[in-house]
There are 2 protein chains.
Amino acid sequence: MPVGFNTDDLMRLDELVATRKKVKQGGLLFSEGDAFTSLYAIRTGFFKTCVTSEDGREQVTGFQMAGEIIGLDGIVSDFHSCNAIALEDAEVCVMPFVNVEELSREFPVLQRHVHKIMSREIVRENGIMMLLGNMRAEERLAAFLLNLVQRLHARGFSQSELILRMTREEIGSYLGLKLETVSRTFSKFSEEGIIEVKQRYVHIIDPEALKKIFNPQVCY
Amino acid sequence: MPVGFNTDDLMRLDELVATRKKVKQGGLLFSEGDAFTSLYAIRTGFFKTCVTSEDGREQVTGFQMAGEIIGLDGIVSDFHSCNAIALEDAEVCVMPFVNVEELSREFPVLQRHVHKIMSREIVRENGIMMLLGNMRAEERLAAFLLNLVQRLHARGFSQSELILRMTREEIGSYLGLKLETVSRTFSKFSEEGIIEVKQRYVHIIDPEALKKIFNPQVCY
DNA sequence: CGAGTTCTTGACAGTGATCAAGCGACGTGG
DNA sequence: CCACGTCGCTTGATCACTGTCAAGAACTCG
């Protein structure tokens with residue numbers, strides 16, 4: 001959004017993303033109960049966010065990659081309500097939320113941008129609710145793969161090949177399935193020639209078949 | 001938030017919520033694909049929001065009551081991505097989003113308020129993901145009842161009695177269950193003396209038992 | 001009062017969970 | 001460089017929860 005800003009404006013916006021933080025693979029960027037101070041823009045690396053119930057069950061609420069924002073959960077109560085864990089070595093921009101708000105007041109395009117990011121997250125979660133509430137294991141995994149490869153492609157990676165950064169268990173948690181079911185479903189897709197799987201490596205041979213599984217609508 | 005505002009400020013804030021709209025039971029406040037222009041604050045009545053998949057499956061994404069805000073889904077793309085349906089005759093304040101943004105820039109407390117509302121929705125949906133991904137039918141329904149009665153109580157209604165505004169099917173859709181399962185689970189709670197159910201009327205006899213079902217953690 | 005909707009309940013089926021065992025990949029240290 | 005241990009993945013057998021199908025009852029509203 002480099003339109004209509006003078007040098008001073010740009011400097012101040014630049015400052016917002018000046019602070020960097022590195023997180024090692026397996027490390028926590030923030031966790032449940034931490035005081036909320038900042039949003040984080042992922043520069044490199046890959047994260048999962050998850051919540052845990054009192055009796056220890058874990059629910060992965062999302063996987064985030066470069067360019068995506070995490071930490072929005074903390075705004076409402078000034079405390080984070082989920083954990084953000086790096087699935088590979090990562091670097092983030094630390095954006096103190098008071099600064100985000102201050103600059104938002106000055107720059108309507110930034111304000112709108114922030115609102116869109118939050119709205120996008122709400123809409124994404126609506127989609128996950130549909131997935132978890134209405135879809136069967138195969139549909140869930142097909143949707144998951146299509147979403148992942150689409151986001152990677154938007155970042156310049158292959159449209160048909162990817163390396164999963166998460167375990168079967170984490171995929172299962174996200175999709176409301178057990179790891180065995182995830183594994184079996186991968187195997188099934190593989191047997192049907194839709195994908196090729198070798199551990200974390202996935203090659204999508206027939207994306208149309210995946211789309212059809214995800215969305216088995218009327219065929220005229 | 002009536003602190004530090006002069007008369008002119010208050011008039012402008014008042015203007016934001018001046019426009020009213022009535023929606024009859026069963027009526028749509030907005031639906032998927034509608035252009036997004038406004039957020040809506042519910043004054044009276046009860047809504048459900050839902051998304052539909054291409055092949056016609058419906059997922060209820062939330063139930064909203066007086067004081068709650070709907071329409072946040074539309075911000076990201078300028079089009080609504082869900083339907084908002086009145087489950088009883090309702091009245092809402094129409095808040096044009098451009099005005100919300102303009103006033104947010106002027107009044108930091110309003111800005112913060114808007115951010116919290118969006119964050120709260122994100123956190124709520126995280127909780128639903130946990131529900132849908134990890135919990136069994138009884139846990140889901142217990143959580144649902146506790147949440148509903150808590151929100152009603154915050155509005156001055158009974159802590160132990162409520163009238164459901166939605167069908168078993170809508171509850172089921174929200175909780176990722178079929179209506180028969182919802183009905184059976186109600187019956188089971190009733191047989192166990194935890195609640196008394198008669199159609200839409202529910203009396204919570206033993207809230208502690210519900211909490212224990214919802215959260216069956218270690219008991220020392 | 002009657003038609004249609006909503007709810008309850010039963011019998012049965014199916015999807016995915018659970019339990020269990022073995023395999024394969026990876027990393028560390030000898 | 002290889003051995004070993006750990007962790008993650010796959011696959012099989014069985015089970016349980018919830019879904020599906022069906023019928024009838026209860027309630028609502030015109």
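Note on naming: letters A, B, ... go to the chains in the order of the sequence lines (proteins, then strands), and numbering restarts at 1 for each one.
With A/Ser173 contributing its side chain and A/Val60 its backbone, the two residues share a donor-acceptor pair below 3.5 Å.
Here A/Phe30 pairs with A/Tyr40, A/His80 under the ring pair (Phe, Tyr, Trp, His ring centres under 6.0 Å) rule; sequence neighbours left out. Scanning for salt bridge (Lys or Arg N to Asp or Glu O under 4.0 Å) contacts around A/Arg151 gives A/Glu68, with sequence neighbours left out. With sequence neighbours left out, the salt bridge (Lys or Arg N to Asp or Glu O under 4.0 Å) criterion links B/Glu196 to no other residue. In terms of the salt bridge (Lys or Arg N to Asp or Glu O under 4.0 Å) criterion, B/Glu125 has no residue partners (sequence neighbours excluded). B/Phe46 meets the ring pair (Phe, Tyr, Trp, His ring centres under 6.0 Å) test with no other residue; sequence neighbours excluded. With sequence neighbours left out, the ring pair (Phe, Tyr, Trp, His ring centres under 6.0 Å) criterion links B/Phe186 to no other residue. Checked against salt bridge (Lys or Arg N to Asp or Glu O under 4.0 Å), A/Glu180 has no partners two or more places apart in sequence or in another chain.
For the contact set between residues 161-171 of chain B and DNA chain D, defined by any heavy atom under 4.0 Å, there are no members. Shown for residues 179-201 of chain B: residues whose heavy atoms fall under 4.0 angstrom of DNA chain D, namely B/Glu180, B/Thr181, B/Arg184, B/Lys198, B/Gln199.
With respect to B/Lys188 and B/Glu191, no salt bridge is recorded, no charged nitrogen being found less than 4.0 Å from a carboxylate O.
Rounded to 10 degrees, the angle between the two end axes of the helix from C/dC1-D/dG30 to C/dG30-D/dC1 is 50°, with five pairs used at each end.
Between the NZ atom of B/Lys178 and the P atom of D/dC21 there is a distance of 10 Å, rounded to whole Å. Distance CG (B/Leu177) to P (D/dC17): 14 Å, rounded to an integer number of Å. Atom CG of A/Asn134 and atom P of D/dT18 are 16 Å apart (whole Å).
Taking the 5' to 3' direction, DNA chain C first and last meets chain A under 4.0 angstrom from a heavy atom at C/dT15 to C/dC19.
Residues A/Phe214 and A/Lys211 have side chains not in contact (no heavy-atom distance under 4.5 Å, counting atoms from C-beta outward). By the 4.5 Å heavy-atom criterion applied to side chains, B/Thr61 and B/Asp73 are not counted as neighbours.
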Atom pairs and distances, side-chain donor-acceptor, residues 13-26 of chain B, under 3.5 Å, sequence neighbours left out:
| unit_1 | atom_1 | unit_2 | atom_2 | d |
| --- | --- | --- | --- | --- |
| B/Arg20 | NE | B/Val17 | O | 3.4 |
| B/Gln25 | NE2 | B/Leu87 | O | 3.1 |

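Within 4.0 Å of B/Gly172, counting heavy atoms only, lies no atom of the nucleic acid at all.
No option in A/Glu169, A/Glu88, A/Glu58 other than A/Glu58 meets the salt bridge (charged side-chain N to carboxylate O under 4.0 Å, His left out) test with A/Lys48.
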